[in-house]
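Okay, structure first, notes after.
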Amino acid sequence: SLAAIKHMVYDKKLCSGAQLLDAVRADWKGHELLSERIKNEVPKYGNGDPYVDELATWAVQLFADKVNSYVGPRGVHQAGLYSAAANVMWGYMTHATPNGRRTGEPLSDAATPSNEAEKNGPTGVMQSVLALDSGRFGNGLQFNMKFHPSRLEGPDGNEKLRRLVEAFFEQGGQQVQYNVIDSEVLREAQAK
């Protein structure tokens, strides 16, 4: 959302701040063209793009510094970036956002990019997560990756995943959770 505001209003001047605010307040109804431009033209977190990763880093550092500055009855508070699947529930309760997301749609899952934001594959996602300073999150920084089984098929499928995860940790990554599942399998399981 910060990248959408910066790109559309300040850098490219493709709309005014008032126009963007009107679109968000209207839940994007009547502003579909602007929403599509944002979804298709604005750089997104999760692609290893410094333009967006710097904004994400600034926002989470601000959050972590504020949370970590408080002391409660059990000691210093520790910031964490995790949603434990509550991002879906919180999305139901959150109004539209400047990135084109409509009211009720899921929010991003912790440090993981928003739905449909990732365009540069798993290494792009990992680069964006690595841009965040995980050392500020004593209560954890959750990062979830999802792979379709076809991406890891064949004799070297496990090796590809192993090398990807090792590269992430070698560059300073602290935690990654991954799921290898086909959405059709999940639909079949729901039906049972």
Side-chain angles (χ1 to χ4, degrees), residues 1-17 19-29 31-64 81-83 85-134 136-137 141-148 151 164-165 167-168 171-179 183:
S1 289
L2 292 174
I5 296 167
K6 184 176 188 295
H7 180 86
M8 298 297 290
V9 176
Y10 295 101
D11 293 349
K12 300 295 182 181
K13 299 184 181 2
L14 298 171
C15 69
S16 69
Q19 289 169 318
L20 185 56
L21 181 59
D22 288 345
V24 171
R25 285 181 173 160
D27 194 23
W28 297 100
K29 293 176 183 85
H31 304 272
E32 289 79 6
L33 182 60
L34 180 58
S35 174
E36 286 306 309
R37 285 197 79 176
I38 289 169
K39 288 179 180 179
N40 293 314
E41 296 176 24
V42 172
K44 309 278 187 298
Y45 170 78
N47 293 291
D49 184 338
Y51 181 90
V52 186
D53 293 349
E54 288 173 9
L55 291 168
T57 298
W58 172 80
V60 299
Q61 285 178 352
L62 182 67
F63 164 73
L81 285 181
Y82 51 87
S83 60
N87 61 303
V88 175
M89 177 193 66
W90 292 334
Y92 286 132
M93 299 183 294
T94 303
H95 194 68
T97 50
N99 64 345
R101 186 194 139 276
R102 290 182 170 259
T103 300
E105 292 179 356
L107 299 173
S108 63
D109 181 12
T112 307
S114 298
N115 291 339
E116 301 177 9
E118 173 264 311
K119 304 292 182 208
N120 291 337
T123 55
V125 174
M126 287 183 164
Q127 289 305 309
S128 288
V129 172
L130 287 166
L132 308 176
D133 182 0
S134 59
R136 292 176 185 254
F137 299 96
L141 187 148
Q142 179 185 354
F143 170 39
N144 296 318
M145 296 190 81
K146 297 171 185 78
F147 296 96
H148 190 275
R151 300 281 304 261
L164 182 70
V165 171
F168 178 68
Q171 294 178 67
Q174 297 292 315
Q175 180 269 351
V176 61
Q177 300 174 145
Y178 47 89
N179 292 292
S183 59

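What you see is a predicted model, and the numbers here were worked out from it, not measured in a lab.
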Hey, are the side chains of Leu20 and Ile38 touching, using non-hydrogen atoms and a 4.5 Å cut-off?
yes
Using a 4.5 Å cut-off on heavy atoms from C-beta on, say whether the side chain of Asn115 contacts that of Glu105.
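In short, these two side chains do not touch, never coming nearer than 4.5 Å.
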Take atom CD of Glu116 as the centre, draw a 6.0 Å sphere, and report whether it contains more than 12 heavy atoms from other residues, nucleotides or ligands.
no
Flag if over 12 foreign heavy atoms under 6.0 Å of OH, Tyr178
no
Using only atom types and a distance under 3.5 Å, with no angle test, would you say the side chain of [X] pairs donor to acceptor with the backbone of [Y]?
X      : Y      : value
Gln142 : Ser83  : yes
Gln174 : Gly172 : yes
Asn87  : Pro106 : no
Thr112 : Asn144 : yes
Lys44  : Lys39  : yes
Arg101 : His95  : yes
Gln127 : Asn47  : no
Tyr45  : Ala111 : yes

Reported OG-to-NZ distance for the pair Ser35 and Lys29, which is rounded to 0.5 angstrom
11.5 Å
Quick test of your reading of the model: are Arg102 and Glu32 salt-bridged, counting only N-O distances below 4.0 Å?
yes
Taken in chain and number order and not counting sequence neighbours, the residues that satisfy ring pair (Phe, Tyr, Trp, His ring centres under 6.0 Å) with Phe137 are none
